[in-house]
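In the text below, chain A, chain B and the rest are named by the order of the sequence lines, each starting its count at 1.
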Number of protein chains: 4
Amino acid sequence: MRSENEPTGQKSRSFIEDARRAQIVAAAIDVIADVGFAQASLARIARQAGISKGLISYHFAGKEELMTEVVVVTYTAIADHVLAAMQGVESPRELLRTHVLSVATYMRGQRKGLKALGQIFGNLRDADGRPRFGIRTNDEIYRSLENIYRAGQAAGEFRDFDVRVMAVTHSAAVDAMFAYWVEHPEHDLDEHARQLADLLERACVT
Amino acid sequence: MRSENEPTGQKSRSFIEDARRAQIVAAAIDVIADVGFAQASLARIARQAGISKGLISYHFAGKEELMTEVVVVTYTAIADHVLAAMQGVESPRELLRTHVLSVATYMRGQRKGLKALGQIFGNLRDADGRPRFGIRTNDEIYRSLENIYRAGQAAGEFRDFDVRVMAVTHSAAVDAMFAYWVEHPEHDLDEHARQLADLLERACVT
Amino acid sequence: MRSENEPTGQKSRSFIEDARRAQIVAAAIDVIADVGFAQASLARIARQAGISKGLISYHFAGKEELMTEVVVVTYTAIADHVLAAMQGVESPRELLRTHVLSVATYMRGQRKGLKALGQIFGNLRDADGRPRFGIRTNDEIYRSLENIYRAGQAAGEFRDFDVRVMAVTHSAAVDAMFAYWVEHPEHDLDEHARQLADLLERACVT
Amino acid sequence: MRSENEPTGQKSRSFIEDARRAQIVAAAIDVIADVGFAQASLARIARQAGISKGLISYHFAGKEELMTEVVVVTYTAIADHVLAAMQGVESPRELLRTHVLSVATYMRGQRKGLKALGQIFGNLRDADGRPRFGIRTNDEIYRSLENIYRAGQAAGEFRDFDVRVMAVTHSAAVDAMFAYWVEHPEHDLDEHARQLADLLERACVT
DNA sequence: AATGAATGAGTATTCATTCAT
DNA sequence: TATGAATGAATACTCATTCAT
């Protein structure tokens, strides 16, 4: 098993172990999305996965490692998607629109993963009670958004505004788009994304 | 117990009982803001209030009622403040700016209350696992914001956009402003509010 | 409850709480003596005491605090008894005999307590895996025994030997007397004590 | 599995199986000596041996059989050593001294084995909670020591004392010598042994 | 109105053991 | 022979809630 047989690093994980870990992560996402972080006990996750409680402990060092894995998996997937979409786009205005729209298209298939992500971000604390994610990770997002806005200002396409405020607002607006859509499945996500892209674009241009 | 003797409403509550409830609510806000929803046990809240655990159960039917009360109290207070600030303002653009700026000024003195509010919103579930707040309560906010935007559109000052998307974005942007300021206390809240007001205004005008 | 309501120190413990703690300590002694330290779970101790598992956690901060209390209670009692018996005795040879004989008489009524003490001494470890008792506490015993032997040497009654070796041997011999008697209840404890006193006395005199 | 295929005795065990069992026993001794009986899980022992957990179960019917093997192996080795040293010695007084001194020399190279032995003796219980070793095994030691003392009495070299008390004390004194040396590695083991031999000899002679 | 004592269900985690490969 | 995967029972501990006083 991983934490016993491979104490040195995250090197070679057997195929079957990878599959189990993925299965457990998927079950965790389902449970967290459905009942919330606080109610997402390992027992419930195990039941969802159709395995024994002990098996989770066998594959993950602890609950925190599982939660971290959920975050990493979900996060990496969305980042890959968005970065791929933005590849080759030059114009700051187009980058802005592409970011909003590609996040929205990705969301469509990842409702639960993103919902779980939000729960973990907002709730997971380390031993001394401080948020495990949130600040640091959000700051990464903020920085990448700021780059878009700064490029637009440098190109003279965007007016002079505080890029951090714009990044915080942009990020929150995208999150809210997702949250609203999750709660109102009949809501038109694509149209929302277009509206939001317009909104942000207008807020930026001179 | 109260909720059994007075099942009809929240009518006659003795002065001392009101005081105790307020004291407990205040302690709950402090604890939730400090250690997060999941770690906010009744024992911790009681200790913070300097009373016994049993007394909380005496004054509240259960943990959920206490959490609900925290939400209602905090929520009512901020709504009163914002509504008072918007009283007499006519222009939609001014209403918009006033809303953002008055929320910011209110936040300054209510860090903990708002932080606790966010925690409860994101975490409190009822018995069957569905979020206790969120949809319904947010919808009230959305509707009041929509009124502002619709008025602006009716007056010809605002362009034609989806008012629900704008309301969702506006609300999320204000929440994010608060959250960012809570985590970065050195951040200039007033300037953020002004920037956000500019941003939203520009996004709306024709 | 203690650890919540009296976080400052070990000051005022209510009468009823003292009684419960004593009851739990007694149950712990019974269980440890009967099934050994490793099998002495809180569940088993609670069952022995006829109370719920939770109540142990209510009265003791954790298992270690309970074990420590068992040690302190048992240890203090035997030390008081032996010291009282040795009070007023002057001659080193008599002190030596008195120590052995008074320990034996005390043992008679404290079989389980002493058995439990031995188990805890030999097994309780703190978080980093080092024995919680043992060395330090034994050293206290050794020192007090050494005082007796050194006095005998100073008075010229005892020959010149290593007092630490004698103390270690004395202590072990007394423990073994007890252990043997526990396992062979028909064994004549008083006669064993007399034989042991003779043995040690002869080993010391010139 | 072994104990099923060869239920009659410990007859034919393949060479490789013997080697594995020895390797596992050695690992168990290391782990028990280092972290204590209670923390000595099969997983930890397997890791120490560099093999999988399952392999221990393959070679031993259960944890208890492994522990028993540790005791038997260690015990047999020390008995062989001591008996060899006493071979040819005739005088009871010399036998007594030889026993103490040869045990001490053996200890020097067997710290861990003896430490583990003590842990298992003090902790291993069978299903119904009674000590697995202790009584029976100690009685063997007692009897062999009694033979020495009785021979001394028969030869008129030793005074008239209870040989069982003397044997119990002798055994305990030797164990304590070991335990003290294990905890105080700077302690002079050889000098302790000489002092102890003097002590016992003086306690016996007329 | 308030407390401290008590419960029992629930938490994460550990571990000896089993078993298919 | 040997492994890695899996189980299920047991562990200490937490906590909302109840209740006699």
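Residues forming a side chain to side chain donor-acceptor pair (under 3.5 Å) with Arg125(B) (at least two apart in sequence, or on another chain): none. Every side chain to side chain contact (heavy atoms under 4.5 Å, CB included) that Ala49(C) has, sequence neighbours left out, goes to Gln23(C), Ala27(C), Ile51(C).
Considering CZ of Arg47(A) and NZ of Lys53(A), their distance stands at 10.5 Å, rounded to 0.5 Å. In this structure, the separation between OH on Tyr75(C) and CD1 on Ile120(C) is 13.0 Å, given to the nearest 0.5 Å.
Using a 4.5 Å heavy-atom threshold, the side chains of Arg21(D) and Glu65(D) count as touching. Between Leu55(A) and Phe60(A) the shortest side-chain heavy-atom distance does not fall below 4.5 Å. Residues Gln119(B) and Asn123(A) meet the side-chain proximity criterion, which asks for heavy atoms closer than 4.5 Å. Looking at Leu117(D) and Val70(D), their side chains never come closer than 4.5 Å, going by heavy atoms from C-beta outward.
Separating the CD1 atom of Ile45(C) from the C1' atom of dA12(F) is a distance of 11 Å, rounded to the nearest angstrom. When rounded to the nearest whole Å, the span between NE2 of His59(B) and P of dA16(F) equals 18 Å. At whole-Å resolution of the value, CG in Leu66(C) and P in dA12(F) are 10 Å apart. Straight-line distance from the CZ atom of Arg20(A) to the C1' atom of dA6(F): 8 Å, rounded to whole Å. Between the C1' atom of dC13(F) and the CG atom of Leu55(C) lies a distance of 14 Å, rounded to the nearest Å. One can place CD1 of Ile51(C) at 12 Å from P of dG8(E), the figure rounded to the nearest angstrom. Rounded to an integer number of Å, the gap from Gln23(A) CD to dA5(F) C1' is 12 Å. Distance, Phe15(D) CZ to dT1(F) C1': 15 Å, rounded to whole Å.
Candidate nucleotides dA5(F), dT1(F), dT7(E) were compared by shortest atom distance to the side chain of Ser14(A), and dA5(F) ranks first.
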For residues 29-43 of chain D, which side-chain donor-acceptor pairs fall under 3.5 Å, sequence neighbours excluded?
from     : atom 1 : to        : atom 2 : distance (Å)
Asp30(D) : OD2    : Gln48(D)  : NE2    : 3.3
Asp34(D) : OD1    : Lys112(D) : NZ     : 3.4
Asp34(D) : OD2    : Lys112(D) : NZ     : 3.4
Ser41(D) : OG     : Arg44(D)  : N      : 3.2

Which nucleotides of nucleotides 13-21 of chain E have their base under 4.0 Å from a protein heavy atom (B), which only their sugar-phosphate (S), and which neither (-), written as one string 5' to 3'? BBSBBB---
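Rounded to 10 degrees, the angle between the two end axes of the helix from dA2(E)-dT21(F) to dT21(E)-dA2(F) is 20°, with five pairs used at each end.
Ile16(B) comes within 4.0 angstrom of the backbone, heavy atoms only, and of no base.
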